[in-house]
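Note that these values count all heavy atoms, side chains included, but never hydrogens, waters or copies made by symmetry. Proteins come first, then strands; the chains are lettered A, B, ... in the order of their sequence lines, and each starts at number 1.
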2 protein chains.
Amino acid sequence: MADRDDVLGAAQRLLNADPTASMAAVAEAVGISRATLHRHFDSREALLVELGTRSLDRWEQRLDEAEEQALEAGEDPGRLRAVLEELVLAYVDDSDAFAFALTDHVILANAALVERTQVLADREAALVAAAQEAGVLRRDLPLRWFGHVTYGLLVAAREAVRIGDIAPRDAGRLVLSSLLAGVGAP
Amino acid sequence: MADRDDVLGAAQRLLNADPTASMAAVAEAVGISRATLHRHFDSREALLVELGTRSLDRWEQRLDEAEEQALEAGEDPGRLRAVLEELVLAYVDDSDAFAFALTDHVILANAALVERTQVLADREAALVAAAQEAGVLRRDLPLRWFGHVTYGLLVAAREAVRIGDIAPRDAGRLVLSSLLAGVGAP
DNA sequence: CTCATTTGAGACAACCATGTCTCAACCCCG
DNA sequence: CGGGGTTGAGACATGGTTGTCTCAAATGAG
């Protein structure tokens, strides 16, 4: 008997591979009947919103950890940098599982999720601001730009792994290095 | 009377905003009837494949220009770097128009388009290799990774502009600078 | 002006996904 | 063993999209 979380997990995996998968396909992937799936989630949209919420929960959790460590780090550039690096690596770990939620149009059209996304982006921007002041990040770039670039590199890594251009285990290093130092020769 | 190219252009604009738009919606956006739209394209898939082809045509065109300039540049690092910068800026200009084609699942599932994408990616990789040898790009990164990172930053810029976090006119500079130098403090 | 061509509007069948419902089979807890 | 609860299979109505077709109106070239 599939737990609600099992259902969400399997649905997430399937929808990551094929965002247009029907409820019937989701049910089959989970290993339950369509009727039972509808007993868990009233509608397809309800399922998608739940997946979006799940992704934001994880993001928030990562931010919680990073903020806590940032507090301990104070204004120490080295430690702040380490906090940021750990945060980005955590994102890379999560990106494969949550990529779907970040691009699906049903989810992106949900007002509550969009609003919460903005709140989290702001919290992230605060971390970035601290890092800028400590001299860890460039000061000539807009605060919010850092988050977008990070997201873009997660997209890049996910696709590169999918195609087979890079090994999964290299993704974190490549993202982090390209994010901080760029791909141009020093 | 809408030209076939007008149709493609309008369809591209609409599908960029809403990738799930129906043929009826496309026809309305173009300003023609559904029947006439079907006279241009047998099926929705045919329309999407045409859009994908159009995007790849543009990409190829940009590569043609870059390769020509790279030939003239020889092994001169400064000139090679300028060629790459111009290429990336051209991508930024195109990204808004062609973003849809790069993410749509129907298009990504088309074998011919995927194959052609690989060919173009290889040509791009050759440019990257030359730049690496000239000391313009880092040598410790996989050849194909550069293309992925560039693509990721295009996604980032597009989204940042859409949200309103950066001004459209700043997109090129931000992408180029973040791509080559990263967002970490020097 | 005339006629061939193109277009729009609408009807149409086919298909697919959604959401609801029923009922029989199953499970497991007592 | 018995019964309450859960599940699967399937039927069902509904709505939306696709692709085809017809026919009348509009268009434009000669």
Side-chain angles (χ1 to χ4, degrees), chain A residues 1-55 99-113, chain B residues 1-55 99-113:
Chain A
M1 52 225 70
D3 188 305
R4 183 187 175 90
D5 248 40
D6 298 337
V7 176
L8 281 169
Q12 197 169 59
R13 272 187 295 280
L14 175 62
L15 289 169
N16 258 332
D18 176 16
T20 69
S22 68
M23 290 294 269
V26 170
E28 190 185 348
V30 179
I32 61 178
S33 75
R34 210 160 60 87
T36 305
L37 179 56
H38 271 288
R39 281 179 194 115
H40 282 293
F41 304 97
D42 284 351
S43 68
R44 187 174 201 275
E45 183 176 346
L47 169 61
L48 295 184
V49 169
E50 190 87 15
L51 285 179
T53 301
R54 225 169 167 241
S55 301
F100 157 71
L102 302 176
T103 56
D104 182 82
H105 280 72
V106 174
I107 291 179
L108 293 183
N110 183 283
L113 292 181
Chain B
M1 51 231 69
D3 187 304
R4 183 187 174 90
D5 248 41
D6 298 337
V7 177
L8 281 169
Q12 196 168 59
R13 273 187 295 280
L14 175 64
L15 289 169
N16 258 332
D18 176 15
T20 69
S22 68
M23 289 294 268
V26 170
E28 190 185 348
V30 178
I32 62 178
S33 74
R34 210 159 60 87
T36 304
L37 179 57
H38 271 288
R39 279 179 195 114
H40 282 294
F41 304 97
D42 285 349
S43 67
R44 187 174 200 274
E45 184 177 346
L47 170 60
L48 295 184
V49 168
E50 190 86 14
L51 286 178
T53 302
R54 222 168 169 242
S55 301
F100 158 71
L102 301 177
T103 55
D104 182 83
H105 279 73
V106 173
I107 292 179
L108 293 183
N110 183 282
L113 293 180

Minimum side-chain heavy-atom gap B:R39-B:T36 below 4.5 Å: yes

4.5 Å side-chain heavy-atom contact, A:S55 and A:Q12: yes

base_contact_polar (D:dG19 base, B:R34 side chain, donor-acceptor, <3.5 Å): yes

Residue A:T36, side-chain atoms from C-beta onward, closest of D:dT7, D:dT18, C:dC21: D:dT7

Any A:L48 side-chain heavy atom under 4.5 Å of A:F100 side chain: yes

With sequence neighbours excluded, residues passing salt bridge (charged side-chain N to carboxylate O under 4.0 Å, His left out) with A:R34: none

Min side-chain heavy-atom separation B:L15-B:D104 under 4.5 Å: no

Interatomic distance where CG belongs to A:L37 and P belongs to C:dT18 [whole Å]: 9 Å

Listed nucleotide nearest any side-chain atom of B:S22, set C:dG8, D:dT18, D:dG8: D:dT18

Residues within residues 41-52 of chain A bordering DNA chain D, heavy-atom distance below 4.0 Å: none

A:H38 NE2 - D:dC12 C1' separation (whole Å): 14 Å

Whole-Å distance separating the CG atom of B:D3 from the P atom of C:dT7: 11 Å

Pair of N/O donor and acceptor under 3.5 Å linking C:dG19 base with A:R39 side chain: no

Gap between atoms CG and P, on B:D6 and C:dT6 respectively (whole Å): 17 Å

Option passing side-chain contact (heavy atoms from CB on, under 4.5 Å) with B:L8 (candidates B:T53, B:V30, B:L51): B:L51

Protein-nucleotide distance (A:E28, atom CD; D:dG8, atom C1'), rounded to Å: 14 Å

